[in-house]
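In what follows, a structure is listed as structure tokens, so that the remarks can point back to it.
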Amino acid sequence: MVHNEGAGAQHAGLVGARFWVRAGAQIIDLAAHTAIWVVVALLFGMGLGIYAEVAHADMEPLLEELATRTWYGYLASGMGFVLYHAIMEQLGAATVGKQLTGLAVVNTDGGAISFLAALGRSLALYVDGLFLGIPAFSAMKPPLQQRLGDQWCGTVVVKRSTLPRQTTLAVRSFTGSLGFALLADSSLYVVTACIKLT
């Protein structure tokens with residue numbers, strides 16, 4: 001269901017960030033998510049090596065199983081990317097990419113977003129990102145520049161520097177939100193790896 005809250009947002013004085021800076025933030029976030037999975041894969045592989053040494057097991061079949069591409073592996077990776085976004089945007093108003101590009105996600109009144117809104121807009125990335133982001137680009141109109149996920153969930157991506165001081169101070173710790181996001185994203189890799197090895 002599309003939220004039509006333009007009047008409230010204009011009253012709040014919000015001006016949405018444009019497509020290209022947001023696309024840049026998404027590229028950074030994709031790199032961050034990939035890095036999380038690579039690091040966790042390396043750590044898991046080291047743990048597997050220790051297990052193989054202690055149990056006197058052959059390591060090669062275990063690594064082959066771990067490297068096997070599966071549908072549930074792709075699903076877990078996609079869901080990890082969604083959780084990474086949702087947790088960071090709800091707790092800290094920004095992902096790593098948005099933090100580095102000076103962006104923040106708020107509701108159309110300029111306040112913090114709910115987890116449900118964060119989850120919804122994160123799932124909608126897979127619609128907005130089709131065909132190199134054409135649906136998102138086509139949907140974004142001034143002044144709010146909302147992609148489809150923003151319209152559906154009543155959110156706006158703005159330059160953090162344009163937020164009122166009290167809103168900026170109300171945002172919870174970026175470091176804390178990053179920690180929770182890392183835990184959720186990496187846990188999905190570990191679960192997938194364990195399923196492959198059973």
Side-chain angles (χ1 to χ4, degrees), residues 1-30 32-33 75-164 166-168 170-174 176-178 180-185 188:
M1 180 175 175
V2 176
H3 294 263
N4 186 8
E5 300 181 15
Q10 287 174 359
H11 178 72
L14 298 178
V15 177
R18 301 191 63 145
F19 177 82
W20 293 111
V21 67
R22 293 176 63 175
Q26 270 312 322
I27 291 169
I28 295 169
D29 286 325
L30 184 57
H33 165 70
L75 179 63
S77 178
M79 288 310 299
F81 195 50
V82 166
L83 286 177
Y84 159 86
H85 275 83
I87 291 169
M88 293 200 74
E89 289 174 355
Q90 198 274 318
L91 293 179
T95 58
V96 172
K98 288 183 178 69
Q99 185 77 9
L100 291 175
T101 52
L103 302 178
V105 185
V106 295
N107 64 30
T108 50
D109 294 325
I113 65 174
S114 68
F115 182 73
L116 192 59
L119 187 61
R121 74 185 304 280
S122 299
L123 284 167
L125 281 169
Y126 293 109
V127 176
D128 279 308
L130 291 171
F131 310 111
L132 299 176
I134 289 174
F137 184 82
S138 301
M140 292 171 70
K141 307 282 187 245
L144 298 183
Q145 302 289 351
Q146 292 172 298
R147 62 175 174 84
L148 295 174
D150 290 318
Q151 293 173 21
W152 297 338
C153 299
T155 58
V156 185
V157 178
V158 298
K159 282 283 187 185
R160 188 178 289 269
S161 59
T162 66
L163 289 173
Q166 61 270 24
T167 301
T168 304
V171 172
R172 296 175 203 167
S173 166
F174 172 77
S177 67
L178 178 59
F180 281 116
L182 288 173
L183 183 61
D185 197 357
L188 286 172

Practice task
Answer yes or no: is there a side-chain heavy-atom contact under 4.5 Å between Leu103 and Lys159?
Solution key: yes
Exercise for the section: Could you tell me whether the side chain of Asp29 and the main chain of Gly97 form a donor-acceptor pair under 3.5 Å? Expected result: yes
Practice task
Can you label the angle between the Phe81 ring and the His85 ring as parallel, tilted or perpendicular, going by 30° and 60°?
Solution key: perpendicular
Practice task
Rounded to the nearest 0.5 Å, what's the gap from SG on Cys153 to CG on Leu119? Could you check?
Solution key: 8.5 Å
Which pairs of donor and acceptor atoms, one on a side chain in residues 125-133, lie under 3.5 Å apart (sequence neighbours left out)?
residue, atom, partner, partner atom, Å
Tyr126, OH, Gly78, O, 2.9
Asp128, OD1, Leu148, N, 3.0
Asp128, OD2, Arg147, NH1, 2.6
Asp128, OD2, Gly149, N, 3.0

Problem - side-chain contact (heavy atoms from CB on, under 4.5 Å) evaluation trace for Thr162 with Val15 - result: CA-CA 8 Å; Thr162 66; Val15 177; over 6 Å; no
Problem - Leu83 side chain near Leu188 side chain, heavy-atom distance below 4.5 Å - result: yes
Exercise for the section: State, with a plain yes or no, whether a side-chain heavy atom of Lys98 is found less than 4.5 Å away from one of Arg160. Expected result: no
Practice task
Keeping the roles fixed (side chain from Gln146, backbone from Thr155), state whether a donor-acceptor pair exists under 3.5 Å.
Solution key: yes
Handout entry: Glu89 (side chain) donor-acceptor with Arg121 (main chain) under 3.5 angstrom
Key = no
Problem - 4.5 Å side-chain heavy-atom contact, Arg18 and Pro142 - result: no
Practice task
Applying side-chain contact (heavy atoms from CB on, under 4.5 Å) between Asn107 and each of Asp150, Val156, Ile113, report the one that passes.
Solution key: Ile113
Fill in the blank from the handout: Tightest non-hydrogen contact, residues Ala139 and Gln151, listed as O-NE2, 3.3 Å
Exercise for the section: On the 0 to 90° scale, with breaks at 30° and 60°, tag the Phe137-Trp20 ring pair as parallel, tilted or perpendicular. Expected result: tilted
Completion exercise
Closest non-hydrogen contact found for Gln145 with Gly16 is CG-O, 3.5 Å
Exercise for the section: Report yes if some heavy atom in the side chain of Met140 is under 4.5 Å from a heavy atom in the side chain of Arg22; otherwise report no. Expected result: yes
Handout entry: CG on Leu182 to OG on Ser177, rounded to 0.5 Å
Key = 9.5 Å
Practice task
Output the distance between atom CD1 (Ile28) and atom OG1 (Thr95), rounded to the nearest 0.5 Å.
Solution key: 8.5 Å
Exercise for the section: Answer yes or no: does atom CG of Leu75 have more than 12 heavy-atom neighbours from other residues, nucleotides or ligands under 6.0 Å? Expected result: yes
Exercise for the section: Quick one: closest heavy-atom pair of Thr101 and Ala25, and the distance? Expected result: OG1-CB, 3.6 Å
Fill in the blank from the handout: Taken to the nearest 0.5 Å, the spacing of Ser122 OG from Met88 CE works out to 11.5 Å
Exercise for the section: Check whether any side-chain heavy atom of Leu91 sits under 4.5 Å from a side-chain heavy atom of Phe115, and report yes or no. Expected result: no
